[in-house]
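As structure tokens, the structure follows; a few thoughts come after it.
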Amino acid sequence: MSYVAGSYDVIVVGAGHAGSEAALAAARMGCRTLMVTINLDMIAFMPCNPSIGGPAKGHVVREIDALGGEMGRNIDKTFIQMRMLNTGKGPAVHALRAQADKFLYQHAMKETMEREPNLTLRQGMVEELIVEDGQCVGVITKTGAEYRAKAVVLTTGTYLRGKIIMGELMYESGPNNQQPSVGLAHHLRELGFELVRFKTGTPPRVHKDTIDFSQTEIQPGDDKPKFFSYETKGSDNEQLPCWLTYTSVDTHEIINANLHRAPMFSGVIEGTGPRYCPSIEDKIVRFSDKPKHQIFLEPEGKNTSEYYVQGLSTSMPEDVQLNILRSIPGLQNVEMMRTGYAIEYDAIVPTQLWPSLETKRLPGLFTAGQINGTSGYEEAAGQGIMAGINAARKVQGKDPVVLNRSEGYIGVLIDDLVTKGTNEPYRLLTSRAEYRLLLRHDNADLRLTPIGYEIGLISPERHSQFLDKKHKVEQEIERLQKTKVKPSDVNPLLVENGSAPIQDGSNLLTILRRPEITYDLIHSLFPSDIELDEETREQVEIQVKYAGYIEKQLVHVERLQKMEQKKIPDSIEYEDIQGLAIEARQKLAQIRPISIGQASRISGVTPADISILLVYLEHFNRVTASREG
Amino acid sequence: MLSDTIAAISTAVGEGGIAVIRVSGPDSIAEVGHLFRSRIPLNEADSHTVHYGFIIDPETSEKLEEVLVTIMRAPRSFTTEDIVEISTHGGVISVKRVMDLLLQQSKIRLAEPGEFTKRAFLNGRIDLSQAEAVIDLIRSKSDRAFSVALKQVGGQLSGKIKEMRHTLVETLAHIEVNIDYPEHDVESMTTGFIKDRCSQVVDQIERLLKTANEGKILREGITTAIVGRPNVGKSSLMNALTRENKAIVTDIPGTTRDVIEEYVTINNIPLKLLDTAGIRETLDVVEKIGVERSKAAVDEADLILFVLNGAEPLHEDERVLIESIRHRQVLVLINKVDLPQQLDRNALRTYFAEDQMVELSVKTHDGLQRLEEAITNLFFGGKLESGDLTYVSNVRHIALLKKAKQSLLDAYEAADSGIPIDIMQIDVRLAWEQLGEVIGDSAPDALLDQIFSQFCLGK
């Protein structure tokens, strides 16, 4: 029997990294929001590696923060190590990566959510959606609670028909032995959603006191840590190192001798695993000529002795896992605390979504995170905040916010999912972004904070700070351009730094374009009148130094923008457009792109098909206009 | 997307008269002005005026071609954009030279099939009722261009480009792994290494471009297939046509296909002749193979010369062939009219029009003149316009090869000035994509596939 348990604007199902961002965004935008989750102790839990960030992923965290999300602030409170990666490369690929205290991370997020006035947290397992007049209007839990809402966001992670696999052992389970969500998976199928089976995995955890660190290399954090959130100005968190070791000849022998017991190869696993996150058995089989593989030992928190063994993701039987661990230098006497496992789960085919993350089949229902076929906390959180924003905007009768590929990695991620789909768990990589130089770590605020402010997630104070920084950057670039210099002014500085002297007059901007001349050098000789903080100086330097390349990419973006602005009405019938090639017609009818830009990225749709679509649309619009006129 | 500037040859490519190149878009006046020397600079010229002058090479200031340039300013033009039309002396060489130069300008690209008409429509110059006709035009021109492009990329050129792309994608994958997996024990990609790879590919492109200029990979003309049963006189016809007409390019026969290719000009019209008589005819099965090969030649031809023996009745194989070619551009050549005739002309008239049939004797050369006239009529009647698609796609290949080379040189230069690898990558990737465009291979996932097959990655 069910009972009426409450009525809300937005309901978020699940409390992982997607769910928490979605719930916070909706609540902060003024929606009365309910978050229902199987286990309230699992809010923002990290079932795999205890780290956040890295190339592309770290960029997403910055973007979430620039939009007014929580992940950046939360990791800045709870990190136990911070490292800036790729510092030897260009500014576009600098990437912040934090080791998290995974327990503190969870607690901090739970506390933030509990304090959010518009947000109600409730433990419960959602079994069904309430559908009325083809709209999703609520959820029903296993205990019979019926919650009503104007929009529902599903963020079920790896819980849908989850199944854990370790060697010959297999059982139904969510991650880390949580209860799986079986009823909801069947219900989604009944509603007509197309689901796929994906697989992921996690390595064993070991006890710190049984590791011989002297046989490993230390990997410390940065002396002067940087932060994910633009709001974080400093931290006194103590940093813990990670440790590097390698697999040995014995490790490879043990794995090879036990391949017949590996579910990866015995055919037990039906789900598709990601290529970029292979299990150790997979690595050894596929790259048999590689003599050793890196293993990083990472602390899971400062108040725990558990260590995460990065590089050793496996679904081998427990006894084999222990032998593998003990074949690794430093781990000869190690004690295994948790066994590694593979987990299979249902995900929905993401081409069933609009770019707003609302499902096409069931208006009012949004999905975000691993349910959409992605992998990774950051990818989940990035979708979570967008689903939360768009659910709230739907309730408020506003148009959805869709980020372009040129505006953020979040835009790239969602566009890839809804336009191309994915046949393996999707991970962001910087190479997926065609405008990598524009989507930098340092300019996430310049790209997205105006949007965050407009939708109401960025406070007026933060927005004015942002405008101030933006203004200072522009002012300083103008000063550099206006400051004329004579050869005698700068040649000593140039020669001293291995740069060719100038013959005629020049300006500071031109001089700063030289790769060997830094902003600090120029500033030391020609200081600015206004106070500039480190972030502002960095911004000036990057914008000046890479101006040529940035310009080039902006030209492409402008073209892309025009294609994105050409909207395709949903009422269009592709069957009626005779000139389209058959494949294009089918794909277009299936994806129903919202713009010419999105249509042009569907595989199998050629430039000729796009031309034809444009001509048809023009015809369609003129006819519609003349009817209305 | 309608903001860029496009160019195309808007007249059929022949060896006589004049040829017109049309350039449309916001940069057309500035870009052409940059290459054109005349009494009044183009950007100061009034709309709807014609100017005499020279196309010059902007690097050497050398005069390349004597031309007339017509300027039509927006919105008073076919596309409602700024349009510049360059009239050159007809003939393949002049047009090609100007077109090559235009396409090397960064703001000009080759028009897609039907694109001028598309723009005219989208900008409201063509009536709404014409939408369907515009769609049909784009479809048919695109399909035709696609099949032309496909047959162009067969063989050697495609192989060489794939090899270069492989070098580049390996390099790119290596750069990407360094960026996305900075802590993995993958060897660092140094700028020195990237420079080596770039200059290696630049050398390869230069070699290709050199052969292109010598005309070895450049195939220009209307693809003309000579088909028919064995012993109807195909080889003799080919010989007669090539003997009487100057062959403009020589080639090693039979290297890429099982047919002989010859290049001739008939009344200044360039033809690429494909002779299926190159197939050896020794065994019984040959007749069957002969028919199959003929079909293959038919598929890629712009014009089909269907040779019949007038001294014999129509054969079953010939009926099959007729079915497959009757809707194409066909001239039916009834050979051996010097012998007693047995072929039923009326049976042919149910399939072909009177002006498609030419009676001749290759042996006595009687009627060859009529054949040449028939080809000329077809050409100037506009029915063979697709022939210049072959030509255009060559121009396109060369432009893309040159752009790819420039991208690699940019990457090389960037390396010398201390630019980090992820920024060098932008130009290397561009070169990889430009080479992909030559062979119609633009699968963006190829890079990801390469990354994960080349490197062992993951946590």
Side-chain angles (χ1 to χ4, degrees), chain A residues 48-49 54-56 85-86 88-93 95 203 219 274-279 283 286-287 290 293-294 296 310-311 313 429-432 436-437 514-516 546 549 552-553 558-559 562-563 566 577-581 596 603 606-608 611-612 614-616 618-619 622-623 626, chain B residues 1-4 112-115 117-118 121-122 124 128 131-132 134-143 145-146 172-173 175-185 188 414 417-427 429-430 443-445 447-449 451-453 455-459:
Chain A
C48 199
N49 56 328
L85 305 175
N86 279 338
K89 305 187 184 87
V93 297
Q219 306 266 305
R275 285 176 297 180
Y276 46 79
C277 187
S279 60
K283 290 185 204 172
R286 280 181 50 216
F287 294 90
K290 205 166 152 64
H293 295 270
Q294 287 173 319
F296 291 94
Q310 199 223 90
S313 179
L429 296 161
T430 66
S431 56
R432 293 196 195 263
R436 181 156 66 190
L437 187 55
R514 298 183 172 202
E516 58 278 5
Y546 300 101
Y549 287 92
K552 258 200 226 175
Q553 295 212 321
E558 204 185 312
R559 203 169 301 158
K562 285 192 179 136
M563 307 230 330
K566 284 244 174 218
I577 313 178
Q578 287 310 319
L580 290 175
I596 289 289
S603 67
T606 64
S611 293
I612 287 167
L614 273 170
V615 170
Y616 182 85
E618 181 66 21
H619 178 249
R622 281 197 228 165
V623 167
S626 69
Chain B
M1 88 223 69
L2 301 178
S3 64
D4 53 353
E112 289 164 18
E115 195 168 5
T117 313
K118 176 180 98 178
F121 180 81
L122 293 181
L128 195 54
E132 206 168 306
V134 174
I135 286 177
D136 286 348
L137 175 89
I138 295 170
R139 181 84 267 157
S140 66
K141 284 204 170 195
S142 302
D143 289 350
F146 182 70
L172 285 170
I175 297 174
E176 296 301 347
V177 167
N178 280 178
I179 293 169
D180 274 324
Y181 294 87
E183 290 173 304
H184 259 68
D185 50 349
S188 287
S417 66
I419 291 287
I421 59 165
D422 56 293
I423 299 201
M424 287 177 70
Q425 180 271 359
I426 295 173
D427 287 316
R429 181 165 180 159
L430 192 58
D445 288 344
L447 177 55
L448 286 182
D449 291 342
I451 293 173
F452 293 113
S453 62
F455 299 98
C456 180
L457 303 163
K459 60 187 183 193

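Lettering follows sequence order; numbering is per chain, from 1.
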Select, from R514(A), K290(A), E516(A), the one with the greatest count of heavy-atom pairs under 4.5 Å involving chain B. K290(A)
Interface moiety of L429(A) toward chain B, non-hydrogen atoms closer than 4.5 Å: both
So does K118(B) pair up with E618(A), basic N to acidic O under 4.0 Å? no
If you take all heavy atoms of L447(B) and A173(B), which pair is closest and at what distance? CD1-N, 3.7 Å
Measure Q578(A) against the heavy atoms of chain B and call it side chain, backbone, both or neither at under 4.5 Å. neither
Is the closest side-chain donor-acceptor distance between D180(B) and T430(A) under 3.5 Å? yes
Do you know which of I451(B), D136(B), D449(B) has the most heavy-atom pairs under 4.5 Å to chain A? D449(B)
Sort L172(B) into side chain, backbone, both or neither according to what part of it lies under 4.5 angstrom from a heavy atom of chain A. neither
Under 4.5 Å from a heavy atom of chain B, the part of R432(A) involved: side chain
Measuring heavy-atom distances to chain A, does I135(B) have an atom under 4.5 Å in its side chain, in its backbone, in both, or in neither? both
Give me the ring orientation class for H619(A) and Y616(A): parallel if the planes are under 30° apart, tilted from 30 to 60°, perpendicular past 60°. tilted
Contacts of R286(A) that satisfy side chain to side chain contact (heavy atoms under 4.5 Å, CB included) - sequence neighbours left out: D282(A)
NZ/NE/NH1/NH2 to OD/OE distance under 4.0 Å, K562(A) and D4(B): no
Any chance you could lay out the side-chain contact (heavy atoms from CB on, under 4.5 Å) test for L437(A) and K552(A), step after step, and finish with the verdict? CA-CA 10 Å; L437(A) 187 55; K552(A) 258 200 226 175; over 6 Å; no
So, the part of N178(B) with a heavy atom under 4.5 Å from chain A: the answer is both
Sorted by chain and residue number, the salt bridge (Lys or Arg N to Asp or Glu O under 4.0 Å) partners of E183(B) (sequence neighbours excluded) come out as R83(A), R97(A)
Please flag which part of A95(A) lies under 4.5 Å from any non-hydrogen atom of chain B: side chain, backbone, both or neither. neither
Taking every heavy atom of P182(B) against every heavy atom of K89(A), the minimum-distance pair comes out as CB-NZ, 4.4 Å
Name the member of I179(B), L137(B), I138(B) that forms the most heavy-atom pairs with chain A at distances under 4.5 Å. I179(B)
At a heavy-atom distance under 4.5 Å, which candidate from P203(A), P91(A), G54(A), A608(A) has the highest pair count against chain B? A608(A)
I421(B) versus chain A, heavy atoms under 4.5 Å apart: side chain, backbone, both or neither? side chain
Counting only heavy atoms closer than 4.5 Å, note whether I175(B) contacts chain A via side chain, backbone, both or neither. neither
Chain A heavy atoms under 4.5 Å from D185(B): which part of the residue, side chain, backbone, both or neither? both
